[in-house]
Enquirer: 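Before I ask anything, here is the structure I am working with.
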Number of protein chains: 2
Amino acid sequence: MTEDGQGLPLADRLARRIRALLIAGELSPGQRLSEAAFSERFDVSRNSLREAFRLLTKDGLLRHEANRGVFVAVPTMASVIDIYRVRRMLECAALRQAWHQHAAIGAMRDAVAEGRERRDAGDWTGVGSANMTFHAAIIDLADSTRISEFYERISAELRLCFGLLKDPAHLHAPFVDMNGEIVTLLEQNKREEAAAQLDAYLNLAERTMLKTLERASEPS
Amino acid sequence: MTEDGQGLPLADRLARRIRALLIAGELSPGQRLSEAAFSERFDVSRNSLREAFRLLTKDGLLRHEANRGVFVAVPTMASVIDIYRVRRMLECAALRQAWHQHAAIGAMRDAVAEGRERRDAGDWTGVGSANMTFHAAIIDLADSTRISEFYERISAELRLCFGLLKDPAHLHAPFVDMNGEIVTLLEQNKREEAAAQLDAYLNLAERTMLKTLERASEPS
DNA sequence: AAGGAATGATTGTTGAACAATATTGATGTT
DNA sequence: AACATCAATATTGTTCAACAATCATTCCTT
């Protein structure tokens, strides 16, 4: 049950579908999304489509140029740096103030287990999903719907960056065990250590991401 | 120069105007915003108006009920608690990791001075604005456009809550001097103390807000 | 080959139309 | 008078067609 969002307005459902395309990497960064083509493709009116475009633009997944149309956002060094700055702030703060019996800790441990299974099975995109789940669970420690919503937006933007990588394996695989350490520290209520560990984790991930981005944009 | 946003799409400009009405308290919480009435009022088409409504709904300022229309969001205990949780997380984290020569510190000091002037002049709404400026400057310490944008959204939602108060003076006035202490601590690079002070500040503000909200909703 | 006007395509915005749903009001029953 | 039923009405949800404004391209002139 993918929870199709039957009751929701058309524009919201449309935005979901397009977002799915974006994070699945089926639309390349910088590509222009023609209103005519997409309203044809999804069999909706141009007006409804425009509403969806506007929502995705607000989420940072699309860029809107006046009188020129909407384009798939292209990740830049600046955006990657900003995204990881957000992640360090939010995730570390969530860990630091976590209640040591919070339900999300269970979700974190489950995500780690899932990640290990997938890694051992060689299912790299599965490892990626498990990793995303893990970090979403960290955010849930903060018990704030607004923070969680915001993180989802950031998360989608980050997945757009992942689309640039040729080899997603190297990005996520080494982090599975670090996730394990973090949740172990948290279970022992060593929140400060957990946060420090996560901070190191995120710095490493950021450097990896930036290096890959550099390599992907230099030889153009 | 209110920076009218000439080049921006109509929907964005509309959203701004309506947002301004909302935070100015000219639309009461729970009120239904008829598409016909508003498209008439702003002299735009229903389609354009609907785009603007969708933007504001995503910002949490409006609520959208299927086939019933959009309503001005009504602040609840839950939303106030969540908003202050976000503020504690973001603002305290920003203080903790602030670079002690960051330009935003100057902006903070200026906002404090402005707040004192306005308070002494008895200009309470001016005190409120200066206070908002002060906290936006704290967020700017984090140097993240995404966080700043997110905080703006939270800030607008909070102003919607302020609209419920009969006596805005009591809410902001006592905080001017606390702001002063915070910026002083920060100038001495006592970031941890500044964060602790802000945390206490926000707890106090939250309690005040909740009490007022209770008083405003109980005797209905 | 450079500049510039004419052409064509796309976006920006509107107005009207109609289906689907919600609200209101009238009607009739108890 | 209170209540359910159902038609009438108003509002939202969505589409479509139109046109102005702007961008992109082509072709012509020099």
Side-chain angles (χ1 to χ4, degrees), chain A residues 2-22 26-74, chain B residues 2-22 26-74:
Chain A
T2 42
E3 186 59 71
D4 241 22
Q6 286 293 3
L8 288 90
L10 178 56
D12 292 13
R13 276 174 288 163
L14 264 179
R16 278 196 201 195
R17 291 178 65 182
I18 300 175
R19 191 194 330 264
L21 291 182
L22 287 167
E26 305 196 20
L27 302 169
S28 27
Q31 179 183 346
R32 172 163 151 269
L33 304 184
S34 142
E35 296 186 351
F38 271 71
S39 61
E40 174 83 14
R41 172 171 180 179
F42 294 120
D43 195 43
V44 297
S45 76
R46 251 181 78 213
N47 284 330
S48 303
L49 186 69
R50 283 170 61 87
E51 291 187 27
F53 278 174
R54 220 168 275 289
L55 294 193
L56 292 168
T57 300
K58 200 164 173 95
D59 274 351
L61 296 178
L62 301 180
R63 249 163 42 75
H64 190 191
E65 295 181 29
N67 290 314
R68 301 201 357 102
V70 298
F71 302 79
V72 180
V74 331
Chain B
T2 43
E3 186 59 70
D4 241 22
Q6 287 291 8
L8 288 91
L10 178 56
D12 292 12
R13 277 175 288 161
L14 264 178
R16 277 195 202 194
R17 294 178 62 182
I18 300 175
R19 192 192 334 264
L21 290 182
L22 285 168
E26 303 194 21
L27 302 169
S28 26
Q31 179 183 346
R32 171 163 151 269
L33 305 184
S34 142
E35 296 186 353
F38 271 71
S39 61
E40 173 81 17
R41 172 169 181 180
F42 294 120
D43 196 43
V44 297
S45 77
R46 255 182 74 213
N47 283 329
S48 302
L49 185 71
R50 284 171 60 86
E51 289 188 28
F53 277 175
R54 219 167 280 286
L55 275 298
L56 293 168
T57 300
K58 199 164 173 95
D59 275 350
L61 296 177
L62 300 181
R63 251 163 47 74
H64 189 191
E65 296 182 26
N67 291 311
R68 300 200 357 102
V70 298
F71 302 78
V72 179
V74 334

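Naming: A, B, ... by sequence-line order, numbering from 1 per chain.
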Enquirer: Among dT14(C), dT13(C), dG13(D), which nucleotide has an atom closest to any side-chain atom of Arg46(B)?
Expert: dG13(D)

Enquirer: Return no unless some side-chain N or O of Arg50(A) is found under 4.0 Å from OP1 or OP2 of dG12(C).
Expert: yes

Enquirer: When you measure from the side chain of Ser28(A) to the backbone N and O of Gln31(A), does any donor-acceptor pair fall under 3.5 Å?
Expert: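 Looks like no, no N/O pair under 3.5 Å.
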
Enquirer: Rounded off to whole Å, could you give me the CG-to-P distance for the Asn67(A) and dT22(D) pair?
Expert: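 Whole-Å distance recorded here is 6 Å.
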
Enquirer: With a cut-off of less than 4.0 Å, is there a side-chain N or O of Ser48(B) near OP1 or OP2 of dG12(C)?
Expert: no

Enquirer: Closest heavy-atom contact between Leu56(A) and Ala15(A)?
Expert: CD2-O, 3.8 Å

Enquirer: Specify the residue among Asn47(A) and Gly69(A) whose closest nucleotide of DNA chain C lies further upstream toward the 5′ end.
Expert: Gly69(A)

Enquirer: Choose from dG13(D), dA18(D), dT14(D) the nucleotide whose nearest atom is closest to any side-chain atom of Leu10(A).
Expert: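 In terms of side-chain proximity for Leu10(A), the closest of dG13(D), dA18(D), dT14(D) is dT14(D).
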
Enquirer: If you pin Glu51(A) and Arg32(B) to their nearest nucleotides in DNA chain D, which one's is more 5'?
Expert: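 First, find each residue's nearest nucleotide; the 5'-ward one identifies Arg32(B).
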
Enquirer: Closest approach to the side chain of Val44(B), judged atom by atom: which nucleotide of dT14(C), dG13(D), dT14(D) is it?
Expert: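 Given the options dT14(C), dG13(D), dT14(D), the side chain of Val44(B) is closest to dT14(C).
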
Enquirer: Determine: side-chain N/O of Ser34(A) to OP1/OP2 of dT10(C), distance under 4.0 Å, yes or no.
Expert: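 No, Ser34(A) has no side-chain N/O under 4.0 Å of OP1/OP2 on dT10(C).
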
Enquirer: Step by step, would you call Leu62(B) with Leu22(B) a side-chain contact (heavy atoms from CB on, under 4.5 Å)?
Expert: CA-CA 9 Å; Leu62(B) 300 181; Leu22(B) 285 168; 4.0 Å; yes

Enquirer: State whether Arg13(A) places a side-chain N or O below 4.0 Å from either non-bridging phosphate oxygen (OP1 or OP2) of dT14(D).
Expert: yes

